[in-house]
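What follows is one structure encoded as structure tokens, with my remarks underneath.
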Amino acid sequence: MSEAQKVLLVTGGSRGIGAAVCRQGSKAGYRLAINYASNEAAADALVREIKSAGGDAFAVKGDVGSEADILAIFEAVDRTYGRLDAFVNNAGIVDAKARVDEMSAARLERMMRINVVGSILCAREAVKRMSTRHGGSGGSIVNLSSAAAVLGAPDNYVDYAASKGAIDTFTVGLAREVATEGIRVNAVRPGIIDTDIHASGGQPDRVALIQDSLPMKRAGTADEVAGAILYLLSDAASYTTGAILNVSGGR
Ligand code: NAP
């Protein structure tokens, strides 16, 4: 079924899993709002790609670690499209491999500010626009958790794993809170996915090092995660809310 005219906002939508969601979302008929943090060239290139394939998209810069930026991102969607039907709470970070006994308060505060507080504030803004309680027409939200939420990521980034555990709990709670207001809230838990996030966290060879230990002996692709996200956003998942779907190749 086409999602024609519907508007989809993806935080961190310019690269990795978010960019795959934008490409598949455009093919499904959504008009796209693509948020990014700093790499304007990558965001602009994706907007051009989507438009040249006949879709509609714009890029909006903003750090989900800043409440002022989050407000500006959602206001840009209001100004450009005047509606919001689907939201993917995708932007998230890892940090350098470290044990908990090596972690600084500054690291932990940044991790929780971007991955947890930022995601909850973004969802707040989405709910204000979608909820029938606020005069909206409903919508669908998908949060990005991680297999790390269940595995704990010992010796790598327990702080990141804990931030995604918070996303799991938030997903269940928000789903129940807005279940009668036309909004479904779900999450995906990707396993090891081949994107730039590992290099950004200082482990560019993480996929190569770990893939033989994975049940399917390979990492997943951003497109494989995006497919699950598009399903959860769509009406095909109309009775699915508060669900957390593992997209982890059995990990
Ligand atoms: P990625 O390849 O590192 O993509 C990063 C995207 O997020 C870029 O668009 C980047 O913008 C944007 N971004 C980074 N920090 C931001 C911030 N503070 N505010 C707004 N945008 C920000 O990441 P990914 O691997 O696709 O991961 C996407 C999500 O999936 C994350 O929540 C991650 O935790 C989760 N996940 C990933 C994996 C995996 O193995 N890859 C596994 C489990 C869960 P710029 O281009 O401007 O930097």
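Nothing here was measured: the structure is a model prediction, and the numbers come from that model. Atoms within each ligand, like the ligands themselves, are counted from 1 in listed order.
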With side chains defined as the heavy atoms from C-beta onward, is the minimum distance between Ile183 and Ile141 less than 4.5 Å? yes
Any N or O of Ser200 that comes nearer than 3.5 Å to an N or O of ligand 1? no
With a 4.0 Å cut-off on N to O distance, would you call Asp168 and Arg189 a salt bridge? yes
Closest candidate by heavy atom, reference atom 30 (O) of ligand 1, pool Leu144, Asn143, Ile70: Leu144
Does Ala42 reach ligand 1, in the sense of a heavy atom lying below 4.0 Å from it? no
Interfacing atoms of ligand 1 (cut-off 4.0 Å, heavy-atom, Gly92): 31 (C), 32 (O)
Say whether, by atom type as modelled, one donor and one acceptor occur between the side chain of Arg184 and the main chain of Ser234 under 3.5 angstrom. yes
So, regarding His198 and ligand 1 (criterion: nitrogen or oxygen to nitrogen or oxygen, under 3.5 Å), is there a contact or not? yes
Determine whether the side chain, the backbone, both or neither of Arg189 has a heavy atom under 4.0 Å from any heavy atom of ligand 1. neither
Close side-chain approach of Tyr157 and Gln203, heavy atoms under 4.5 Å: yes
for atom 19 (N) of ligand 1, nearest protein heavy atom and its distance come out as Val64 N, 3.0 Å
Relative to atom 17 (C) of ligand 1, which among Asn89, Asp63, Val60 owns the nearest non-hydrogen atom? Asp63
For Arg99 versus Asp155, what's the shortest heavy-atom pair and its separation? CG-OD1, 3.9 Å
Heavy atom of the protein closest to atom 36 (N) of ligand 1 (residue, atom name, distance): Tyr160 OH, 3.5 Å
Do any heavy atoms of Asn35 fall under 4.0 Å from ligand 1? yes
Side chain to side chain, Ile50 and Cys22, heavy atoms closer than 4.5 Å: yes
Check ligand 1 against Ser38 and write out every atom of the ligand that is under 4.0 Å from a heavy-atom position of the residue. 45 (P), 47 (O)
Tell me, which protein residue and heavy-atom name are nearest atom 27 (O) of ligand 1, and how many Å apart are they? Ile197 CD1, 3.8 Å
Using side-chain heavy atoms (C-beta onward) and a distance below 4.5 Å, is Tyr160 in contact with Ile93? no
Do you know the tightest heavy-atom contact between Ala43 and Ala59? CB-CB, 3.9 Å
Are any non-hydrogen side-chain atoms of Glu102 and Arg107 less than 4.5 angstrom apart? no
Return yes if some donor-acceptor pair links the side-chain N/O of Ser119 with the main-chain N/O of Asn89 below 3.5 Å, else return no. no
Are Thr80 and Val60 packed together at the side-chain level, in the sense that at least one heavy-atom pair is separated by less than 4.5 angstrom? no
Consider side chain to side chain contact (heavy atoms under 4.5 Å, CB included). Of Asp85, Leu32, Leu84, which one does Leu8 pass it with? Leu32
For atom 6 (C) of ligand 1, which protein heavy atom lies nearest, and how many Å away is it? Gly12 O, 3.6 Å
Heavy atom under 4.0 Å from ligand 1: found in Ser145's side chain, backbone, both, or neither? backbone
Steps toward salt bridge (charged side-chain N to carboxylate O under 4.0 Å, His left out) verdict (Asp78, Arg129): CA-CA 9 Å; Asp78 295 341; Arg129 286 158 176 82; 2.9 Å; yes
Protein contact of atom 38 (C) of ligand 1 - nearest heavy atom, named by residue and atom, plus distance: Gly191 O, 3.9 Å
Return a yes/no value for Ile17: is any of its N or O atoms, backbone included, closer than 3.5 angstrom to an N or O of ligand 1? yes
Scanning both residues in full, the closest heavy-atom pair of Ala161 with Ala153 reads CB-CB, 4.0 Å
Ala19 touching ligand 1 at heavy-atom level, < 4.0 angstrom: no
From Ile193, Asn39, Val21 - option closest to atom 40 (O) of ligand 1 by heavy atom: Ile193
Heavy-atom closest contact (Val10 atom, Asn90 atom, distance): CG1-CB, 4.2 Å
Nearest-contact summary for atom 46 (O) of ligand 1 - protein heavy atom, Å: Arg15 NE, 2.6 Å
Given side chains that start at C-beta, do those of Glu49 and Arg23 come closer than 4.5 Å, heavy atoms only? yes
Are any of the N or O atoms of Ala37 closer than 3.5 Å to those of ligand 1? yes
At less than 4.0 angstrom from any non-hydrogen atom of Ala91, what atoms of ligand 1 do you find? 20 (C), 21 (N), 22 (C), 32 (O)
For Pro190, counting its heavy atoms only, list the atoms of ligand 1 lying under 4.0 Å from any of them. 42 (C), 43 (C), 44 (C)
With heavy-atom distances below 4.0 Å as the criterion, list the atoms of ligand 1 near Gly16. 2 (O), 26 (O)
Relative to ligand 1, is Glu40 under 4.0 angstrom through side chain, backbone, both or neither, heavy atoms considered? neither
Counting each atom of ligand 1 from 1 as listed, which ones have a heavy atom of Asp196 under 4.0 Å away? 2 (O)
Please state which protein non-hydrogen atom is closest to atom 41 (N) of ligand 1 and give its distance, to 0.1 Å? Thr195 OG1, 3.1 Å
Any non-hydrogen side-chain atom of Ile17 less than 4.5 Å from a side-chain atom of Ile229? yes
Distance filter under 4.0 Å to Gly62 heavy atoms, resulting ligand 1 atoms: 19 (N), 20 (C)
Which residue and heavy atom of the protein sit nearest atom 28 (C) of ligand 1, plus the separation: Asn90 OD1, 3.2 Å
Using a 3.5 Å cut-off on N or O atoms only, is Ser14 in polar contact with ligand 1? yes
